[in-house]
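Here's the structure we're looking at; comments come further down.
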Amino acid sequence: MASYKVTLTKEERSMLMAITKKGSHKSIKVRNAYVLLNCDSGKYGEKKTNKQICDILKIGSRTIDRVKKLFVEDGLDVVLKGKVSGRVYKKKIDGEAEAHIIALSCSEPPKGYGRWSLRLLADKAVELKYLDSVSHEAIRQTFKKNELKPWRVKGWVIPPQQNGQFVADMEKVLDVYKRPYDRDNPVICMDESPKQLIEETKISIAMKPGQDKKVDYEYSRNGVCNILMANEPLTGKRYPKITKTKTKQDWAVFIKETIDAHYAKQDKITLVMDNYGTHTIGAFYETFAPEEAKRLMDKIDFIFTPKHGSWLNMAEIEINMMDRECMARRIGEAEKLISEISYWTENLNEAKKKIHWKFTKQDADKKLAKHYVA
């Protein structure tokens, strides 16, 4: 098992201590909190060896290593929510492939099968060339994010009590996507995603003729930041921003800056985004003076993707592409991340790289028709 270095901030330690001392939590969550507290090699921690932790918590050394690996690569939230007793899979399904897989799960299974299983969906997704390869666990995580359970006989891809609202919201988004380009009312998609700041602890050996690049497996986690993304699909423009936190105020400031910098001359913009808790009109009034909040509210036509339907947001595709092309490496400092994303954004904006959206209302009618009514 590779070596992973755990460093906790003062706030993270306080949160973990609270989990171990009060409240009602799952045993795995409490255990993982204890592991991280005892592995902390930061200035606020008193690091213990794996053997010492094994003796204290009565767990195996491999479990400790898996908790550390998950923390360094995926962050604190994942450790506290995730189960680390088995293999940890890396999710590699982007927004476009996710839309295809969900539509596939709504169709009839192949002949000889009573229902879709995770492995069957994974095999079919590769066969149809949605992805080069994918694990059944990545498929499971996709459905978990969208709260779908198509392998259950009584499950609904669109819950019966939400059919009408899901379809209404979905068709509203798809109608927006089929609009021709309108300079006076451009369509902007917005999404956000956390990013772990992971630094190498040892210098890598550069690639040479006949020799691959060698990277040490020991990481150092330098915290987490948040990436906000606004993209205009029909012009091939994208406008990212990195913040230290993920709050209503961060979102409101990002929307204001994006509008004032790139859409000041437009009287109206159409903004497509998901139903995340910080994405609310009220955030403008909590951040700015009433007059400024009203100005922003009047300028934006808000279009929300349906609940369980974040895959309909093209900004999610943009972030996944940025993750693959720019951020799929170790970057330990926010300043370097900002610089690298700026270069990536400038190159793509100059090339006017666009997203070619293929999931239409006709596709929805064909794939999801049997789920439109309870």
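For reference, positions follow the sequence shown, starting with 1. Hydrogens, waters and symmetry mates play no part in the numbers below; they use all other heavy atoms, side chains included.
Checked for salt-bridge contact, Glu257 and Lys241 meet the test: a charged N lies under 4.0 Å from a carboxylate O. Salt bridge absent: Arg179 and Asp182 never bring a charged side-chain N and a carboxylate O closer than 4.0 Å. Ion pair Lys246/Asp250 not flagged as a salt bridge, since none of the NZ, NE, NH1 or NH2 atoms sits closer than 4.0 Å to an Asp/Glu carboxylate oxygen. Salt-bridge annotation for Arg119 and Asp123: absent, with no side-chain N of the basic residue lying under 4.0 Å from a carboxylate O of the acidic one.
Criterion: ILVMFWY side-chain heavy atoms under 4.5 Å apart, direct or through other members. Under it, Tyr181 and Ile303 are not part of a common hydrophobic cluster.
Few gaps surround CG on Asp298; more than 12 heavy atoms of other groups in view lie less than 6.0 Å from it. Atom NZ of Lys268 has more than 12 heavy atoms from other residues, nucleotides or ligands within 6.0 Å.
Residues Lys48 and Asn38 have side chains that bring a donor and an acceptor to within less than 3.5 angstrom of each other. Of the N and O atoms on the side chains of Asp184 and Gln266, not one donor lies less than 3.5 Å from an acceptor on the other residue. Judged purely by distance below 3.5 Å, without hydrogens or angles, the side chains of Trp251 and Glu192 never pair a donor atom with an acceptor atom. Checked by atom type, the side-chain pair Ser61/Asn50 shows a donor-acceptor distance below 3.5 Å. Looking at Thr270 and Asn185, their side chains do bring a donor and an acceptor atom within 3.5 Å of each other.
For the pair Thr20 (side chain) and Met17 (backbone), a donor-acceptor distance under 3.5 Å is present. In this structure, Ser342 contributes its side chain and Ile338 its backbone to a donor-acceptor pair below 3.5 Å. With hydrogens and angles disregarded, a donor-acceptor distance shorter than 3.5 Å links the side chain of Tyr177 to the backbone of Leu312. Of the possible donor and acceptor atoms, one in the side chain of Lys299 sits under 3.5 Å from a partner among the backbone N and O of Tyr263. The closest donor-acceptor contact from the side chain of Lys237 to the backbone of Asn349 lies under 3.5 Å. In this structure, the side chain of Thr63 does not engage the main chain of Ile59 through any donor-acceptor pair within 3.5 Å.
One distance of note links CG of Leu37 with CG of Leu16; it measures 4.5 Å at 0.5 Å rounding.
Residues Leu104 and Ala125 share a closest heavy-atom pair of CD2-N, 4.4 Å. Nearest heavy atoms, Glu318 versus Leu348: OE2-CD2, 4.4 Å.
Here Tyr239 pairs with His262 under the ring-ring contact (aromatic ring centres under 6.0 Å, His included) rule; sequence neighbours left out.
Between Phe304 and Phe302, the ring planes lie parallel to each other; the angle is under 30°, not in the 30° to 60° tilted range.
Cation-pi contact between Lys294 and Tyr285: absent, since separation from the ring centre below 6.0 Å together with deviation from the ring axis within 45° is not met.
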